[in-house]
**Q** 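Mind having a look at this structure? Questions to follow.
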Amino acid sequence: MAVQLYNTLTRRKEPLETLEPGRVKMYVCGVTVYDLCHLGHARAAIVFDVIRRYLGRRGYEVTFVCNFTDVDDKIIARARRLKIPIGELTEQFIGEYYKDMDALGVRRADIAPRATAHIGEMIEMIEDLIEKGAAYPGGGDVYFDISRFPAYGKLSHRNLEELEAGFRVEPGEGKRNPLDFALWKASKPDEPFWESPWGPGRPGWHIECSVMSSRYLGDRFDIHGGGEDLVFPHHENEIAQSEGCFGHDWVRYWIHNGFVRINHEKMSKSKGNFFTIKSVLADTPAEVVRFFLLGTHYRHPVDYSDQVVGEAWRGLDRLYNLLLRLGPSGAGAGGEQARRMKEEADAFRARFAEAMDDDFNTARALGHLFDFARQANSLLLEAGGALPREAAAPAVEVFREVGGVLGLFGHEPEEWFRQARPGAPEEGENGQLGDTQVEELISKRTDARKRKDFKEADRIREELAEAGILLEDGPSGTIWKRRL
RNA sequence: GGCGCCAUAGCCAAGCGGUAAGGCAGAGGACUGCAAAUCCUCCACCCCCGGUUCAAAUCCGGGUGGCGCCUCCA
């Protein structure tokens, strides 16, 4: 059974049939680097990161291209305000982008091209479009001629009449038709520019993706992705340019992710209702963010709130707790449990694949993961709380596998539970204890428990509790977690 | 105004014609020196009204309520 994926172009799920067997070429629109990234960028990055990882796991050789838009109005405006060259500004925010995405566990693209490094090719493509009669210069600008591309609107499923009806006419532009869009913009005084056959200027936004994708993936490729706000006009325009230039169908599958919302509204710069990735990661582990985001299907909106993230965190804890329990090797004869653990792990592996094959349904996949966790916990219980290493191995292994796809379970479970929780005493504050202090107290308590001095044992438990440390006595000793 | 998406338990969420996954929270029970963790049990007639069908949360029509795109936006 092939991977099924929802194609914005056809509004249907379709089986993935790649141009070349066993290979997937995908291009995802990256960010405009003039400011810090927010959670909306994080979702897009994580969604396509997971898609890419899954296809890789599924046996495809994936080539993943994700660009940086490093010249545009906002970049120019901001650089001017800061009185620095745009290159300095974009360099800085590309750096911040990588810090954020690395922190979120987003694997880097195979190729991350920058618009300004492909200006010459953009000019060539624009010239080509002019030659083909699909574009025309006007007053130092160059526009794409919508009337020459009858299929315009096929991605966003609109027709020209509808579009014209709602279009806001912008004055002072040399367009023949209000829907025509700029391929090249003449530069104003004091703006950065590149020389071109039409005079000094800079590329329009859309042309860069057509140029860079074809440069690295060829003039046809399999998957093009981005946030759903890019469907119109950005991706529609890309199609017009590319198909107008190449003279054939361009991209096979269009994938768009839904928005992150705050109080039911789209998170966006202009609304000002955004959280930067940095601010979120200041008090939430990256894996919690991933887990939270992957708990909703990628095409649906997700509402972000402290409450919901807290719930996700506790859910992830449950999974990590299983990993914790699978760690220490128990003595017991785990033959029967070992056999069943293997069965459960295999069954889960199959269900996970089934869910992911169905339009990358991570939410359903996580549901199966919790089912599996319950089964594994039951087996652990039957075995007296711990299993021999060989018996636990299939479970640990399948966790590794799905973790590798989802970008989860990258921590040692002990370490996971020892990270600071929000509201816990701050480092250096009264009551905050270091790991070694905690462990000393635990060993004192263990001695006390051996003497059946439960009063002293409970006193130590209480002391640690006040410092935000939770103790759990298990078959293989006492473990501790940092808790509120 | 045009086009489109969504509406499932206290909260989040899957579901794509065959009689409601999963998580969080809550209740009861088991286990435990205590506790936590874990396990078991319980907790939804799927926004409303019509229609199609042997059968609808799922399809069609009409409401109501959210949201998005049409302008830079992941």
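The figures here come from the full heavy-atom set of this structure, side chains too, leaving out hydrogens, waters and symmetry mates. What you see is a predicted model; the values in this text were computed from it and never measured. In what follows, every chain begins at residue 1, and chains take the letters A, B, ... in the order their sequences are listed.
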**Q** Rounded to the nearest 0.5 Å, what separation is found between the CZ atom of A:Phe352 and the CZ atom of A:Phe372?
**A** 12.5 Å
**Q** Do A:Leu39 and A:Val289 have side chains that approach each other closer than 4.5 Å (heavy atoms only, starting at C-beta)?
**A** yes
**Q** Return the residues of residues 34-45 of chain A meeting this criterion: a heavy atom under 4.0 Å from some atom of RNA chain B. Order them by number, or give none.
**A**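 The answer is A:His38, A:Gly40, A:His41, A:Ala44.
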**Q** Is the base of B:G33 touched by the side chain of A:Arg445 through a donor-acceptor pair closer than 3.5 angstrom?
**A**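 Such a pair exists between side chain and base.
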**Q** Please say whether the positively charged group of A:Lys481, taken as NZ for Lys or CZ for Arg, lies over the ring of A:Tyr320, i.e. under 6.0 angstrom from the six-membered ring centre and within 45 degrees of the axis.
**A**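 Verdict for A:Tyr320: no cation-pi partner in A:Lys481.
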**Q** In whole angstrom, give the distance that lies between atom CZ of A:Arg158 and atom P of B:U71.
**A**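 For the pair A:Arg158 CZ and B:U71 P, the rounded distance is 9 Å.
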**Q** Please confirm whether the shortest side-chain N or O distance from A:Lys266 to OP1 or OP2 of B:C69 is below 4.0 Å.
**A** yes
**Q** Rounded to the Å, how far apart are A:Tyr152 OH and B:C70 C1'?
**A**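 Between C1' of B:C70 and OH of A:Tyr152: 10 Å.
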**Q** For B:G65, what is the paired nucleotide under Watson-Crick or G-U wobble rules, both distances under 3.5 Å?
**A** B:C6
**Q** When rounded to the nearest Å, what value does the distance between C1' atoms of B:A44 and B:C12 take?
**A** 15 Å
**Q** Can you check the A:His297 NE2 to B:U58 P distance for me, whole Å?
**A** 20 Å
**Q** Short question: side chain of A:Asn321, backbone of A:Asp317 - any donor-acceptor pair under 3.5 Å?
**A**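 Flag not set: sc A:Asn321 to bb A:Asp317 has no pair under 3.5 Å.
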**Q** Taking only residues two or more places apart in sequence or in another chain, which ones pass side-chain hydrogen bond (donor to acceptor under 3.5 Å, both in side chains) with A:Asn237?
**A**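 With neighbours one apart ignored, the set is A:Tyr152, A:His206.
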**Q** Can you find a side chain N or O atom of A:Lys271 that sits less than 4.0 Å from OP1 or OP2 on B:G68?
**A** yes
**Q** Within 45° of the axis and under 6.0 Å from the centre of the six-membered ring of A:Phe370, does NZ or CZ of A:Arg318 qualify?
**A**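 Output no; distance or angle outside limits.
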**Q** Starting at OH of A:Tyr298 and ending at P of B:C6, how long is that distance when rounded to a whole Å?
**A** 13 Å
**Q** Return yes if some donor-acceptor pair links the side-chain N/O of A:Arg114 with the main-chain N/O of A:Asp70 below 3.5 Å, else return no.
**A** no
**Q** For residues 360-374 of chain A, which residues have at least one heavy atom under 4.0 Å from RNA chain B?
**A** A:Asn361, A:Ala363, A:Arg364, A:Gly367, A:Phe370, A:Asp371, A:Arg374
**Q** Between B:A14 and B:A55, how far is it from one P atom to the other, in whole Å?
**A**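 Nearest-Å result for B:A14 against B:A55 at atom P: 29 Å.
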**Q** Does A:Arg318 make a side-chain N or O approach to OP1 or OP2 of B:U38 shorter than 4.0 Å?
**A**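 True: A:Arg318 side-chain N/O within range (under 4.0 Å) of B:U38 OP1/OP2.
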**Q** Using both distances under 3.5 Å as the test, list the Watson-Crick or G-U wobble partner of B:G50, or none.
**A** B:C60
**Q** Would you indicate which nucleotide in B:C34, B:C67, B:C39 comes nearest to any side-chain atom of A:Asp458?
**A** B:C34
**Q** Which value, rounded to the nearest 0.5 Å, describes the distance between A:Tyr143 atom OH and A:Arg176 atom CZ?
**A**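 Spacing of OH (A:Tyr143) from CZ (A:Arg176) equals 11.5 Å.
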**Q** Return whichever of A:Asp303 or A:Gly310 has its heavy-atom-nearest nucleotide of RNA chain B closer to the 5' end.
**A**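 That would be A:Asp303.
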**Q** From the options B:C67, B:A14, B:A25, select the nucleotide whose nearest atom is closest to the side chain of A:Arg314.
**A**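 Nearest to the side-chain atoms of A:Arg314, counting from C-beta on, is B:A25.
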**Q** Kindly point out which of B:A74, B:C72, B:A13 is positioned nearest to the side chain of A:Ser270?
**A**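 Per side-chain heavy atoms of A:Ser270, the pick is B:C72.
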**Q** Nearest to the side chain of A:Leu381, heavy atoms from C-beta on, is which of B:G66, B:C39, B:A13?
**A**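 Among the listed nucleotides, the one closest to the side chain of A:Leu381 is B:C39.
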**Q** Closest nucleotide of RNA chain B for A:Ala457 versus for A:Asn321: which of these residues is on the 5' side?
**A**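 The residue mapped nearer the 5' terminus is A:Ala457.
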**Q** Centre-to-centre under 6.0 Å for A:Phe68 and A:Tyr97, is that the case here?
**A**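 So the answer is yes for these two rings.
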**Q** Could you tell me whether the side chain of A:Glu236 and the main chain of A:Ser156 form a donor-acceptor pair under 3.5 Å?
**A**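 Judged by distance alone, yes, a pair lies under 3.5 Å.
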**Q** Can you tell me if A:Lys175 uses its side chain to pair, donor with acceptor, with the backbone of A:Asp180 under 3.5 Å?
**A** yes
**Q** Can you tell me how far P in B:A74 sits from the matching atom in B:C69, rounded to whole Å?
**A** 12 Å
**Q** What is the nucleic acid contact for A:Leu322, judged by heavy atoms within less than 4.0 Å: base, sugar-phosphate only, or nothing?
**A**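 Nothing, no nucleic acid heavy atom in range.
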**Q** Rounding to the closest angstrom, what is the interatomic distance between B:C54 and B:G1 at atom P?
**A** 40 Å
**Q** Just to be sure I understand the rule, does A:Phe48 reach a base, reach only the sugar-phosphate, or reach nothing, if contact means heavy atoms closer than 4.0 Å?
**A**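 Result for A:Phe48 = nothing.
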**Q** Would you mind telling me which of B:A14, B:A37, B:C11 lies closest to the side-chain atoms of A:Arg325?
**A** B:A37
**Q** Provide the distance between the two C1' atoms, one in B:A27 and one in B:C67, to the nearest whole Å.
**A**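 Pairwise C1' distance, B:A27 against B:C67, rounds to 36 Å.
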**Q** Does A:Asn377 make a side-chain N or O approach to OP1 or OP2 of B:C39 shorter than 4.0 Å?
**A**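 For B:C39, OP1 or OP2 has a side-chain N or O of A:Asn377 closer than 4.0 Å.
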**Q** Between A:Asp447 and A:Arg451 (salt bridge meaning N to carboxylate O under 4.0 Å), is one present in this structure?
**A** no
**Q** Hey, does the side chain of A:His300 come within less than 4.0 Å of B:A14's phosphate (OP1/OP2), counting only N and O?
**A**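 Affirmative; the distance criterion is met.
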**Q** B:G26 and B:G10: how far apart are their C1' atoms, nearest whole angstrom?
**A** 9 Å
**Q** When the P atoms of B:C34 and B:A25 are compared, how many Å lie between them, rounded to an integer?
**A** 23 Å
**Q** Partner of B:G17 by Watson-Crick or G-U wobble geometry, both contacts under 3.5 Å, or none?
**A**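 Paired with no nucleotide.
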